[in-house]
Structures are given as C-alpha cells and as structure tokens.
2 protein chains.
Amino acid sequence: MDRQLVDVVRRFNRTVTQRVGALDDSYLARDRPLAQSRLLWEIGPAGAEVAALRTRLDLDAGYLSRLLRTLEGAGLVVVGPTGGDGRVRSARLTEAGRAEWDLLDRMSDELAWSMLAPLRDGQRGRLVSAMAEVERLLMASLVTIEVCPPSDPRARACLRAYVGELDERFESGFAVTVGDDDHELVPPAGVFLVATLATEAVGCGGLRLSPGEPVEIKRLWVSRSVRGLGVGRRLLDELERRAAAAGADAVHLDTNRSLTEAIQLYRSAGYHEIPRYNANPYAHHWFAKRLDGVAGPN
Amino acid sequence: MDRQLVDVVRRFNRTVTQRVGALDDSYLARDRPLAQSRLLWEIGPAGAEVAALRTRLDLDAGYLSRLLRTLEGAGLVVVGPTGGDGRVRSARLTEAGRAEWDLLDRMSDELAWSMLAPLRDGQRGRLVSAMAEVERLLMASLVTIEVCPPSDPRARACLRAYVGELDERFESGFAVTVGDDDHELVPPAGVFLVATLATEAVGCGGLRLSPGEPVEIKRLWVSRSVRGLGVGRRLLDELERRAAAAGADAVHLDTNRSLTEAIQLYRSAGYHEIPRYNANPYAHHWFAKRLDGVAGPN
DNA sequence: CATGATTGCTGACTTTAGTCAGGCATTTCC
DNA sequence: GGAAATGCCTGACTAAAGTCAGCAATCATG
C-alpha cells in the first residue's frame, strides 16, 4: 500500500465526491425531496420497470412503492403492467413528468457547465480529459472477479455475448450452442470466472482441468464497454493462478485468427505459439505458457 | 456551452460522484449515523473549535450542538472552553474517540487502496495524477467571486491574512492595521471583492475610485491553498471590468518587490511598469494598464 | 390444479436530519 | 458601566428516509 498514492485518492474522495455530490443533489432536489427527484430522473423518458429501479437505486421495495405512489399522486408518473409478466410493473412519465424531467436535464447541463465556465480554455480541456481518465480507470478498479457456475444468469449472459460476438467476427461464423460444455467448467472438472461491474457482468473466462489432458483456458471474453481496462489480463492472471493451485505446470489455449486483441494479450502475458494440439475447427493459433513463475493460491 | 465537454462532466458527476460517494459514506458510517461519524472525523486528533466545525460541515448550530452532546454521551468526545475567549468552545477526542478515529482513518486508507489495488502500475499512476488534476481544477472552478463590504467577516478574514502575510514577507514588515481604509473600498468610493471556496474566503481585491486620482487596485490577495489556480487572475479581471464600467480608462497599482508571483501576474495580465505615483513606503514597483480592450459590465 | 416462488403494495413503525425560537454566559464596543 | 453582539445550548418541532411484516396477485412447474 503506497502512502503517497493513497493520500491522493483519499483527498480526491473527500473533496470531489462530497463537494460535487452535494452540488449535484441540491440541483436535483427542486423543492421536492431528493429521493423523489432521483427516482423521477431514473425513470427517464423511456420508462423503467419497478424492479430495475429498485436495483439501480438500491431502495427498499416498500419505500420505492411509496415514492412511486407520491409521484403518481403528483401526476408526474403512471405505473402499470407492461408486457408479458403481469406481476412486473413499469413506471412511465406523464406529460408533466416529462416536462419535469426535461427541466432536470437542463439543470444538470447547467451544473456541468458551471464547473467549466470559470476556467480558461486550456484548463477546461485538461479538466475534461482528467475526468474521463478518472472515470475510465475507476470503472476498471470497480470490476470484481469471482467464481460463478456457468449456469448462473450472469454467466449465461456473458456466454451468450461471447458466442454472439464470435459468430459475428469469425469468417466462418461460430455455430456453438451455449451450455453444451457447461459440465466441463464446474469443479472439480474446471472453474468458471465472471467479472462484474456494479451489477453488470462484463467479462468471463473458464478453465478446463481434465485428467490426462493439458489444462486449458476457454471462453475468455470481455465486454466492449470495458475493453482496454485490463479486465482480460486480470481474468487471465486469475485463471493461471487457479491452474497453478490445481497442480498444473502449464496452460494451453487456442484461438481464432480474427481475434487480434486476444492474440496480443496472450503474447504479452507470456504465451508462446505451439503446434496444433486439438481438433477445434475454429482455431488457427495454439498457445501455451509455463506456470513456473505464477504465484499459487491467493 | 460545449455539448461534448458538458457530457463528459455529467457522466463524471453521475458515475464517480455517486458511486464513490456512496462507497465512502458506507465505509464512514459504521453502525453510527453518518453525521456523527463525519463530525467525529472532522474533530480529528488535534481537536477543533465548535464554530470551525459548524462552518466546515455547514451545520445548524443547534443540530451540531446536539450531535456533540451525543458523541459526548458515548464517551468519544469532550467539549469545553479552550483558550482566551470564554464563549468559544472546543471539541477534543477522548481516548476512545481517538481509537474510533484511528479506525476510520484505517478504513479510509483501505477504501482508497481498494480503488488502486486492481490496477497495474502504469494505470495506478495515471489514475492518481488524473485525480489530482480533477481535484485542483474543480477547486478552481468552485471559487466564486462577489462584492462584499470590507467590514464583512469574510472580508475581514482575508484582510487579516493579507496583512499577516505581507508582514511576514516584506523585509521591513508591514505595520498596517486592518480597517484603516475600509471607507475607501465601499461604493461609491470603491468596491471590494471576495473569492469564496464553499464557505471559506480564499481571496480578495479592492478598487479605489477617488475622483481626480487614478483608479487603483488594492489589497489583492489569494490564499496559499488555491494559489496557482487562476483565482488572482479572475479577481484582477473582475476589478478591471468594474473600473471600466465606472468610466476609468486605466488602472494603477503598486507592489512590493518581495511579491514575485504578484508582479508576474501583473505583467502577464498586461500591466507595464510606470514611475512612482504615490508615497507608499512599502512599494517598490508601480504598474498601470490601459482598459481599452476590457469589456464593460459583466 | 395445487404448490411454491416472485413481485409489488400497504400499514405501522423507528431513526436520522434539519429548523426555529428562546435563553444564558461571555465579550466587545462605545 | 451598560447596550449590543457573539457563541453555544436546549426544547419543541417537522420532514425525510428507511425498515419490517403481512398480504394479494401472478406465474412456473410438475
């Protein structure tokens, strides 16, 4: 833990977070309680399901219901059943609610501009790019990686996205059904990891540990929304650590020639190309890495 | 208003402020209400005067008093008279309070580190310097400048700091009592501006408009805490604008040779040195600037 | 179609936050 | 020395935020 770095982060958390946060809140709450404004804002012009609002705002179901009732009473929102499932209800803005939302939107613009206005041009540009950098890297650091069975909804979402993307990128397409080899990726025959940002699954990766065969990394995927933030590298590291912990002294993997970022990642992570070791029709490159230097469990 | 820049700022406000802010709060509030923790934290190992806490946390006197009573009841804090003024009371941490504070401090470290830990070295450095940049520039943009009579407490604080600093920096000392020429800096004989960051006065500057004498800028001062952020430049601009609005076609000012940053500021703002025009015993340099190019009101 | 799980709503709370007027002790200013 | 100002405290509020248990409707499933 580096004292100097930590001090900067703490100072940042303290001043920026609190000060800007307070400003933001005071702009949002125009005579109405803050929670109501936030809710109104979160519903948005497109409307939203009650359950989605609950998770996004992290509110108690009862409290949220009451807030919705209040907004409904004020004529800003209508709540009603929407589609297939009759239990699920959606909130939509009325015309008045939409007007109010537009107002909040404009005020949010004004607040943002008020932070830029007092600065000179050079400073403005520097502030904005520093903000973008902070946001990007903070997102990266809020990604957590954990074990997750491939049958879990978050894992399914990742695998669907994985297959969809490969099907789109491979010249030959990618005709594999999700779930066909799930059994391979649950202990003790393997392990499956999912990377999560807040509540969204943004990456995954699996390890196959079949006795007598080389330990193999499979299904490594990172969502476009967080690509370039090192999530793939972290997944790879974690998979290697687990392979080493399981006694493997090397890991193998294969990949398609269209996945250039992945190939680059493997090379920079210390993988070297080896001859074909399986019959995967979609593979063009086969890699391996010795695990001598990889730390064990942790 | 630049759409692109505003969008980045809004995105930043939304994700960083809310996400990090919420994290921060949840770390701070360990079973105790948030306001109490914040207060305990703000008192700190060195203790603090009640009035200082009130302005720093921007709390109602009654509410603050009650919070202090609660912390006192919990044996974490003692409040009592401290020094000269018997009305002023100070809060200090008891041993238990200090232990609690240390805990908060450690947890704050951990939170900060948890934001850095998942990143690689290069990313860490980039995040930290971007954070420092955001903090600096945001502070700069949160500084507001307004007219304020020199008798106002915030103005007095600035003037006291101004005189104190000059007394320390001038080779000859600076034996001037605050308030001697207050009458010169209230309309219509002049104007006095104060720069404020949140609740703290961080800079000031005055304009003297005596008929028959050159319009003169006086008492320009910027707190060390925000120096280098362009606050001096903004004060100077605003004073020039007001001078122009009052019909002046030039402004004068004098300064001491030890105030090198100020001299640099004047030069870069378009001031040029002129011969001595007054009998100020503390002045070594005299400057003037024509106001042809300066926009009128606003 | 019976069962159990989900989803959302309501009533009845508690806690936290924040405000306001009045009061007392002390200090400062004529 | 007395009036005004300052700093803090207390009592009596209100409003907002959050929690919990129970209920009713709906859906998936065998």
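Naming convention: chains lettered A, B, ... in sequence-line order (proteins, then strands); numbering from 1 in each chain. Side-chain atoms are counted along with the backbone in the values below, which use heavy atoms only and exclude waters and symmetry mates.
A ring pair (Phe, Tyr, Trp, His ring centres under 6.0 Å) check over residues 64-88 of chain A, counting only residues at least two apart or in different chains, returns nothing.
Between atom OG of residue A:Ser225 and atom CE of residue A:Met139 there is a gap of 5.5 Å, rounded to the nearest 0.5 Å. Expressed to the nearest 0.5 Å, how far CZ of B:Arg54 lies from CD of B:Glu49 amounts to 11.0 Å.
Within residues 66-75 of chain B, the residues having any heavy atom under 4.0 Å from DNA chain D are, by residue number, B:Arg66, B:Arg69. Applying a 4.0 Å cut-off to non-hydrogen atoms, the residues of residues 53-65 of chain B that approach DNA chain D are B:Arg54, B:Gly62, B:Ser65, listed by residue number. Residues from residues 18-41 of chain B placing a heavy atom under 4.0 Å of any atom in DNA chain C, listed by number, are B:Pro33, B:Leu34, B:Ala35.
Using a 4.0 Å cut-off between charged side-chain N and carboxylate O, B:Arg38 and B:Asp25 make a salt bridge. Electrostatic pairing of B:Arg169 and B:Glu165 counts as a salt bridge here, judged by a charged N lying under 4.0 Å from a carboxylate O.
Not one N or O on the side chain of A:Ser65 forms a donor-acceptor pair closer than 3.5 Å with the backbone of A:Ala61.
Between B:Thr196 and B:Val194 the shortest side-chain heavy-atom distance falls below 4.5 Å.
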Distances under 3.5 Å between protein N/O atoms and the N/O atoms of nucleotides 3-6 of chain C, please, pair by pair.
| residue | atom | partner | partner atom | Å |
| --- | --- | --- | --- | --- |
| C:dT6 | O4' | A:Arg87 | NH1 | 3.4 |
| C:dT6 | O2 | A:Arg87 | NH1 | 3.2 |

Worked check of salt bridge (Lys or Arg N to Asp or Glu O under 4.0 Å) between A:Arg14 and B:Glu42 | CA-CA 11 Å; A:Arg14 205 175 147 73; B:Glu42 208 60 50; 3.1 Å; yes

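Within a 6.0 Å sphere centred on CZ of A:Arg92, other residues, nucleotides and ligands contribute 12 heavy atoms or fewer. Within a 6.0 Å sphere centred on CD of B:Glu168, heavy atoms belonging to other residues, nucleotides or ligands number more than 12.
Contacts of B:Val20 classified as side-chain contact (heavy atoms from CB on, under 4.5 Å), with partners at least two apart in sequence or in another chain: A:Asn13, A:Thr17, A:Leu138, B:Val16, B:Met115.
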